[in-house]
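Data block below; observations after.
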Amino acid sequence: MTGPRKIFVKTFGCQMNVYDSERMTELLGADGFAETATMEEADVILLNTCHIREKAAEKVYSDLGRIRLVKDARRSAGKETIVTVAGCVAQAEGAEMLRRAPVVDLVVGPQSYHRLGDLVARARSEGRRIVETGFPEEDKFAALPRRAPVKAVTAFLTVQEGCDKFCTFCVVPYTRGAEFSRPVADVEGEARRLADHGVREVTLLGQNVNAYHGLGPDGRSWSLAQLIARLAAIGGIERIRYTTSHPRDMGEDLIAAHGDQPKLMPYLHLPFQAGADRILAAMNRKHTASDYLRLVARIRAARPDIALSTDIIVGFPGETEADFAATLEVVEHVGFAQAYSFKYSPRPGTPGATMADQVPDGVQVDRLHRLQELLDCQQAAFNSACVGEVIPVLFEREGRHRGQLVGRSPYLQPVHATADSALLGRVVEVAIAGAGPNSLSGVLSLGG
Ligand code: SAH
Ligand code: SF4
Ligand code: F3S
């Protein structure tokens, strides 16, 4: 019995990888591959990988170990399997990957995946291993087929890729290449089709999304704020978010949009990484702690209730206890609704990896622990403060309990409520009755 050929996809890393995985699945779908959640029945196994920290990259190799067994078992049963590694580890390691992991048939970087269909076909027909990690001249997005209908209430939409900032800890400028912005018309077309198929919220993605400068319909370069205004005019799109932003690129018009544009949600992920100016300089962040605090004040002046989220690294080379205290101080000062914090992980090829005074793991662990305690308190306080409020919730999916729906508050908190599934895709007022560390619960506020 032979059914349609199948593809199994596993995604690591950031939301941009989630978007890319969706597009790659869709590409192979056009070649007749159906998606499967069972690796053993997949003719193509695709890992979309992340290189940001050592742990993320190592996970790929441990997965490949398991995949080797699956591939061997399938071969014994007379079935061929094309093992594909895509994403940032693929880009960073290229041909080295073939050497380290003999199970891999195809290595394809984030800028070349629009050629995936051909590459898989070639790997099968030519029976040889292929590495495709160039930064091709053609526009990948223009070369991709039209995005297939998304059956969801919310969707990611990549509008910008790559990074020119070169923070000294970060691999992204090397794995994703130089900054590139999709033209406004291209993004608008994709957003319209999403809306036509029922998507109500789009999250605009970019490694440096607020550096967006896509070609506008007037032939000029448009800012992210202009793009947001354009997308807000699409009926059906009720909520707009964007991530991730760099403090240096928070333009005046974008800050103002948080006050003026009702569809732009009051939530902003704005990484600051470290609180000591000495460390920020060594990180090549191009901002000081007080620049960041001033920026936060301006954003809050435009939108007082905005929920702020951030990324923080502890134990960057040379970080002293006093430097770390400065990080805690910034956190105390801002009060974050949510945050992601990491131990510094030296990445091959980045300047940070060879800097003197690498911080021992024990010290990093201790600092991370202290930082996370503070961040957890702030998140709990933010969530508790919502109790008693009536908040508009966009219901996204069925909850785990019967008759329950889950949606998001404007501040991105998951909200559980008993509600009819007819309310999926609708924004509904919910009276918040309870708060947990990561979510809220409430009851529909009738007549409110
Ligand atoms: N483009 C985004 C984030 C990219 S990576 C930005 O500019 O903020 C997401 C987060 O991973 C970063 O914000 C940083 O906090 C963390 N990160 C990146 N490289 C890291 C490393 N080598 N070690 C630990 N954390 C790292
Ligand atoms: Fe990495 Fe810095 Fe670019 Fe963000 S701004 S992707 S942290 S180099
Ligand atoms: Fe990871 Fe690449 Fe995203 S390194 S965080 S998958 S841009």
Side-chain angles (χ1 to χ4, degrees), residues 10-21 24 47-60 85-93 109-111 113 133 156 158 160-180 204-212 242-250 268-275 279-280 282-287 292 308-317 319 327 336 338-355 358-359 361 364-365 367-368 371-372 375:
K10 180 166 174 184
T11 307
F12 303 81
C14 61
Q15 291 116 321
M16 308 206 47
N17 263 11
V18 174
Y19 177 88
D20 291 343
S21 287
M24 287 191 275
L47 300 182
N48 194 12
T49 61
C50 174
H51 202 243
I52 203 79
R53 284 168 290 275
E54 194 181 356
K55 254 203 202 125
E58 269 174 3
K59 266 193 229 148
V60 175
V85 179
C88 290
V89 177
Q91 188 64 43
E93 298 197 0
Q111 297 311 329
Y113 74 72
T133 50
F156 291 139
T158 295
Q160 181 277 334
E161 279 201 298
C163 180
D164 297 338
K165 296 276 191 308
F166 291 92
C167 300
T168 54
F169 51 80
C170 183
V171 294
V172 170
Y174 311 97
T175 62
R176 295 275 170 166
E179 259 179 34
F180 167 81
L204 310 180
L205 299 181
Q207 268 90 20
N208 236 295
V209 73
N210 58 345
Y212 177 87
Y242 60 93
T243 200
T244 294
S245 295
H246 191 286
R248 285 267 297 208
D249 296 314
M250 264 335 274
L268 177 62
H269 182 67
L270 194 63
F272 79 90
Q273 313 296 359
I279 297 297
L280 286 168
M283 287 176 161
N284 191 31
R285 282 294 289 180
K286 305 181 171 83
H287 61 80
Y292 186 84
L308 293 171
S309 155
T310 198
D311 290 342
I312 303 167
I313 295 175
V314 301
F316 186 78
E319 186 188 77
T327 296
F336 289 100
Q338 216 204 330
Y340 302 87
S341 48
F342 314 97
K343 290 190 293 180
Y344 171 68
S345 167
R347 306 306 293 131
T350 61
T354 50
M355 283 181 186
Q358 299 282 327
V359 175
D361 187 64
Q364 290 188 326
V365 170
R367 289 181 188 164
L368 188 65
L371 173 63
Q372 289 183 339
L375 292 168

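All figures in this text were calculated on a predicted structure; none of them were measured in a lab. Computation of the quantities below employed the complete heavy-atom set of this structure, encompassing side-chain atoms and omitting hydrogens, waters and symmetry-equivalent molecules. Ligands are counted one by one from 1 in listed order, and the atoms in each one are counted from 1 as well.
Those atoms of ligand 3 that come under 4.0 Å of a heavy atom in Gln207, given as number and element, are 7 (S). Near Arg285, meaning under 4.0 Å from one of its heavy atoms, ligand 2 places the atoms 2 (Fe), 7 (S). Residue contact check: Phe169 has heavy atoms under 4.0 Å from atoms 7 (S) of ligand 2. For ligand 3, the atoms lying closer than 4.0 Å to a non-hydrogen atom of Asn17 are 6 (S). Taking every non-hydrogen atom of Cys88 and a distance limit under 4.0 Å, the qualifying atoms of ligand 3 come out as 2 (Fe), 4 (S), 6 (S), 7 (S). Against a heavy-atom cut-off of under 4.0 Å, Arg176 is close to the following atoms of ligand 3: 2 (Fe), 6 (S), 7 (S). Ligand 3 places these atoms under 4.0 Å from at least one heavy atom of Cys50: 1 (Fe), 4 (S), 5 (S), 6 (S).
Applying the side-chain hydrogen bond (donor to acceptor under 3.5 Å, both in side chains) rule to pairs touching residues 49-60 yields His51-Arg347, sequence neighbours excluded.
Among protein heavy atoms, atom 3 (Fe) of ligand 3 sits closest to Cys14 SG, 2.3 Å. Taking atom 6 (C) of ligand 1 as the reference point, the nearest protein heavy-atom neighbour is Thr244 CG2, 3.7 Å. Ranking protein heavy atoms by distance to atom 1 (N) of ligand 1, first place goes to Gln207 O, 2.6 Å. Nearest protein neighbour of atom 19 (N) of ligand 1, counting heavy atoms only, is Phe169 CD1, 3.3 Å. The nearest heavy-atom contact from the protein to atom 24 (C) of ligand 1 is Lys343 O, 3.3 Å. If you check which protein heavy atom lies closest to atom 9 (C) of ligand 1, you get Asp311 OD2, 3.6 Å. Looking from atom 8 (O) of ligand 1 to the surrounding protein, the closest heavy atom is Pro271 CG, 3.1 Å.
Between atom 25 (N) of ligand 1 and the options Arg53, His269, Gln273, the minimum heavy-atom separation is to Arg53.
Shown are Phe169, Phe316, Tyr292; of these, the side chain to side chain contact (heavy atoms under 4.5 Å, CB included) with Gln273 is made only by Phe169.
Remark: side-chain polar atoms of Asn210 are not paired, donor with acceptor, to backbone N or O of Ser245 under 3.5 angstrom. Remark: side-chain polar atoms of Gln111 are paired, donor with acceptor, to backbone N or O of Arg176 under 3.5 angstrom. Within the 3.5 Å criterion, the main-chain N or O of Gln364 finds no donor-acceptor partner in the side chain of Tyr344. Although no hydrogens or angles enter the test, the distance criterion places a donor-acceptor pair under 3.5 Å between the side chain of Gln160 and the main chain of Gly162. When atom types are taken as modelled, the side chain of Glu179 and the backbone of Tyr212 share no donor-acceptor pair closer than 3.5 angstrom. At distances below 3.5 Å, at least one donor-acceptor pair connects side-chain atoms of Thr310 with backbone N or O atoms of Leu270. Remark: side-chain polar atoms of Asn284 are paired, donor with acceptor, to backbone N or O of Lys165 under 3.5 angstrom. No donor-acceptor pair under 3.5 Å is formed between the side chain of Gln207 and the backbone N or O of Glu161.
When non-hydrogen atoms are compared, ligand 1 lies under 4.0 Å from the side chain of Phe342 (C-beta onward) but not from its backbone. Residue-level proximity to ligand 1 for Ser345 is carried by backbone and side chain together, each with a heavy atom below 4.0 angstrom. If you look at Ile52 next to ligand 1, the close heavy atoms, those under 4.0 Å, come from the backbone and the side chain alike.
Judged by the shortest distance from any of its heavy atoms, Arg176 lies outside the 4.0 Å radius around the atoms of ligand 2. The closest approach between any non-hydrogen atom of Asn208 and ligand 1 is not below 4.0 Å. The shortest heavy-atom distance from Arg347 to ligand 1 is under 4.0 Å. Ligand 1 does not have Lys165 within reach: every non-hydrogen atom of the residue lies 4.0 Å or more from it. Residue His51 places a heavy atom less than 4.0 Å from ligand 3.
Protein N/O/S atoms closer than 2.8 Å to atom 3 (Fe) of ligand 2: Cys163 SG.
For atom 4 (C) of ligand 1, no protein non-hydrogen atom is found at a distance below 4.0 Å.
Here the straight-line distance linking atom CD of Glu319 with atom OG1 of Thr327 works out to 5.5 Å at 0.5 Å rounding. The OH atom of Tyr340 sits 12.0 Å away from atom CD1 of Ile312, with the distance rounded to the nearest 0.5 Å. To the nearest 0.5 Å, the span separating CZ on Arg285 from OG1 on Thr168 amounts to 10.0 Å. The line from CG of Asn48 to OH of Tyr19 is 13.0 Å long, rounded to the nearest 0.5 Å.
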Under the side chain to side chain contact (heavy atoms under 4.5 Å, CB included) rule, what do Ile52 and Cys88 come out as? Steps first, then yes or no, please. CA-CA 8 Å; Ile52 203 79; Cys88 290; over 6 Å; no

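The aromatic rings of His287 and His246 lie perpendicular to each other, with more than 60° between the two planes, well past the 30° mark. Taking the six-membered ring for Trp and thresholds of 30 and 60 degrees, Phe166 and Tyr174 have ring planes more than 60 degrees apart, a perpendicular arrangement.
Contact annotation: the side chain of His269 approaches that of Pro271 to within less than 4.5 Å [non-hydrogen atoms, C-beta and beyond].
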